[in-house]
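To find a chain, count down the sequence lines: A is the first, B the second, and so on, and within it residues start at 1.
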There are 2 protein chains.
Amino acid sequence: MDSESALNISIEQRVTLKDVARAADVSAATVSRFINTPVAVRTDKRQRIEDAIKTLGYVPHGAAQALASRRSRMIGAIFPSIDNTLFGCALEVFQHHASAADYTVVVASSEYDPELETRQVRRLLRSGVDALLLVGVERSPEVYNLITARKIPYVTLWRSGGDILHPCVGFDNVAATEHLTDYLIGLGHKRFGVFSGLLKHNDRAQDRVSGVYKSLENHGISAENATILERQFGVDEGREMFRQITSNRNPPTAIICGSEPFAYGAIFEAAEMGIDVPGEISIAGFDDLWLSSQIKPSLTTIRTPQREMAERAARYLLARLSGEQVAAPRPLEIDLIIRNSTGTAPTDLRSYEEVVRIVKAF
Amino acid sequence: MDSESALNISIEQRVTLKDVARAADVSAATVSRFINTPVAVRTDKRQRIEDAIKTLGYVPHGAAQALASRRSRMIGAIFPSIDNTLFGCALEVFQHHASAADYTVVVASSEYDPELETRQVRRLLRSGVDALLLVGVERSPEVYNLITARKIPYVTLWRSGGDILHPCVGFDNVAATEHLTDYLIGLGHKRFGVFSGLLKHNDRAQDRVSGVYKSLENHGISAENATILERQFGVDEGREMFRQITSNRNPPTAIICGSEPFAYGAIFEAAEMGIDVPGEISIAGFDDLWLSSQIKPSLTTIRTPQREMAERAARYLLARLSGEQVAAPRPLEIDLIIRNSTGTAPTDLRSYEEVVRIVKAF
DNA sequence: CTGAAAGCGCTTACAG
DNA sequence: CTGAAAGCGCTTACAG
């Protein structure tokens, strides 16, 4: 017996529940109860167990707990990219709430690739997550089949609307750009450039383009007056699109960006090209990142509730996990923030005056 | 038997290894081998098992695998904040490499709080991570005790140097600001402002301040010529410190920021106050985020190898996990990027000329 | 309130 | 190459 315990020490075996039980002179079941529902254990034993845990340095074995209890206390989160302030913020907030509830967050990036997303879902499901957080609604039905077969709660982020059949925490992307376009039309704009993220497999980006078209239609403006450009997200891509669109014969007087960095790129490029914003062209963004209020001219944009989304998603999932039968989250409000990058459209009248002035100069 | 299987269907029990084994008419051990080392199974059985897995929709139970194999295929990562481009980038890259090697990443934020970090380490260890990624080296010895007791590989990020006893992937923060300060002294600057993140519990921030002092000492400039201000990270904090420091009787002619957003704030505030950068004051940053090349004036800064760090950390841990006895990673190179926000110090001579000019104007 | 015992779903020597 | 069996470290009815 002595040599055996000496052996145990030499190979430094992991401290288990059983060791704690032995040290505290109770059964393993009682130690387990102490860990999970301390009130179910008599006070004197509680103290003995607590001491034993401390002196032995016992840490429960998560996999064993998960296997026996059928709950892993892990939540999976898959973002299109973590390397993006928007999703980084959301992950930070989500993680904060999850870990406050003693849940661990397993994270993966889909890199905007639906195939990779499917593989990541499979991986996280294999890891045994108790719940899943996803961004956007449109994806392979296989993914939803996998999730529902597992019967775990899940929620989708960043999009919300009447026709969505999945639990979602988000806002109405169509209404957002529709509202923004309405505002620009009210300023006299009739020709628009739309800088969009790659539309394929990105329902949020698609919605935002739809919103522009919807507004145009409501105002009896032909869809041909909107030029849609799509690129990967990035400032340089915004610059490039700006250069491209302003070289058209009949360039737009207002540019609507589906992502804020596009708008920054457009503003930087305009400055470099000597194009006055908003005098000659108006530029609007989407998300209201910190730079938008600091850049010159400050950016008119849609403020989206990023942290709020993450918080509500966490609350929803945690409530579901604790057995509450909560109602599906309601769509969140968004605001149009009007700043200095948008203004009245340069009118034909003004062009006329300019022509007169130029003619007179001869 | 029939009624039993009917019952199984009605309560939709999880598909297990055993089910697959039965369907493929092999033993559970063979299915397990197929999953872990397919080559160890004869080809004909391989096909049968694969078919069974597909038709049954079998997904291995991660916790059971982890318990039996003593490996969870999870890596833990704790960042001071995920809501920060730097760490978001690192996490994205790290996650990419981990998931390519079929590892899952469990993420947590310490929110720059050492106590919270210790709790998160404990939580991740309990989750059963096979390896751990941390940022910075200085922390409670308890953390290192916990990790080494678990005998799992770990690596620290963002800092590297001769005296570090832990595996680390990073760069020399002292050398970075020392080099930058050398450069500024070379431009004739003698009085410095240093905008630092909160120094307590942040070894990177401390190192960066040390680097400035080191350079000063090497040039025989008294430490009193450096005014250290510390704040939480943020653009607004940069603005605030700039306003504060320029209201001194004898303000610095150069500002060294330990974090890029401080520098942005300083530049924005200078513009608002009508202070010329770099004519009246030079401003330098740290990290070289995308905005630094776009802002006016463009920012002189230290370029740090964020993605590189994450990639090397991933490679190191994955190598350790696959049993290779790899050497500790080497420190990474950093570059001083000289742009337009720094210039020669406004000399006393020039002030003299100005005085003369003003006097003459009377 | 407590303990003995079965079982969670795998992996892995071991023997063949 | 394969199978029977033990075991990974917990939880949870069950009986008391």
Nearest-Å distance, [atom1] ([X]) to [atom2] ([N])?
X     : N      : atom1 : atom2 : value
A:Q65 : C:dC10 : CD    : P     : 19 Å
A:R73 : D:dC10 : CZ    : P     : 16 Å
B:D44 : D:dC1  : CG    : P     : 11 Å
B:R71 : C:dT12 : CZ    : P     : 6 Å
A:L67 : D:dG9  : CG    : P     : 12 Å
A:F34 : D:dT12 : CZ    : P     : 17 Å
B:R46 : D:dT2  : CZ    : P     : 10 Å
B:H61 : D:dC10 : NE2   : P     : 16 Å

Return yes if a side-chain donor-acceptor contact under 3.5 Å exists between [X] and [Y], otherwise no.
X      : Y      : value
A:R312 : A:Y316 : no
B:E111 : A:H96  : yes
B:S109 : A:E92  : yes

**Request:** Begin with the C-alpha distance, continue with both residues' side-chain angles, and end with the deciding distance and a verdict on side-chain contact (heavy atoms from CB on, under 4.5 Å) for A:V26 and A:I49.
**Result:** CA-CA 8 Å; A:V26 295; A:I49 296 170; 4.1 Å; yes
**Message:** Please report the distance separating the P of C:dC1 from the corresponding atom of C:dA5, rounded so that it comes out in whole Å.
**Reply:**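 Pairwise P distance, C:dC1 against C:dA5, rounds to 23 Å.
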**Pairwise P distance for D:dC14 and D:dC10, with rounding to whole Å** =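 It works out to 24 Å between them.
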**Prompt:** Can you tell me the Watson-Crick or wobble partner of D:dT2, both distances under 3.5 angstrom?
**Reply:** C:dA15
**Prompt:** Choosing from C:dT12, D:dT12, D:dG9, which nucleotide comes nearest the side chain of B:S69?
**Reply:**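 The closest nucleotide is C:dT12.
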**Item:** Nearest-neighbour nucleotide for the B:V26 side chain, C:dG9, D:dC10, D:dG3 considered
**Value:**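 When the side chain of B:V26 is considered, D:dG3 is the closest of C:dG9, D:dC10, D:dG3.
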**Request:** Determine the minimum heavy-atom distance between A:P60 and A:I35, stating which atoms define it.
**Result:**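 Heavy atoms only, the tightest pair is CG-CD1, 4.5 Å.
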**Prompt:** Which atom names give the shortest non-hydrogen contact between B:Q120 and A:S99, and what distance separates them?
**Reply:** NE2-OG, 3.4 Å
Nucleotide N/O to protein N/O under 3.5 Å, stretch nucleotides 13-16 of chain D:
residue	atom	partner	partner atom	Å
D:dA13	N6	A:R33	NH2	3.4

side-chain N/O [X] vs [N] OP1/OP2, d < 4.0 Å:
X     : N     : value
A:T30 : C:dG3 : yes
A:T16 : D:dG9 : no
A:K45 : C:dT2 : yes

**Request:** Answer yes if the ring centres of A:W158 and A:F87 are under 6.0 angstrom apart, and no otherwise.
**Result:** yes
**Prompt:** When the nearest nucleotide of DNA chain D is assigned to B:S27 and to A:V31 on a heavy-atom basis, which residue is associated with the more 5' position?
**Reply:** B:S27
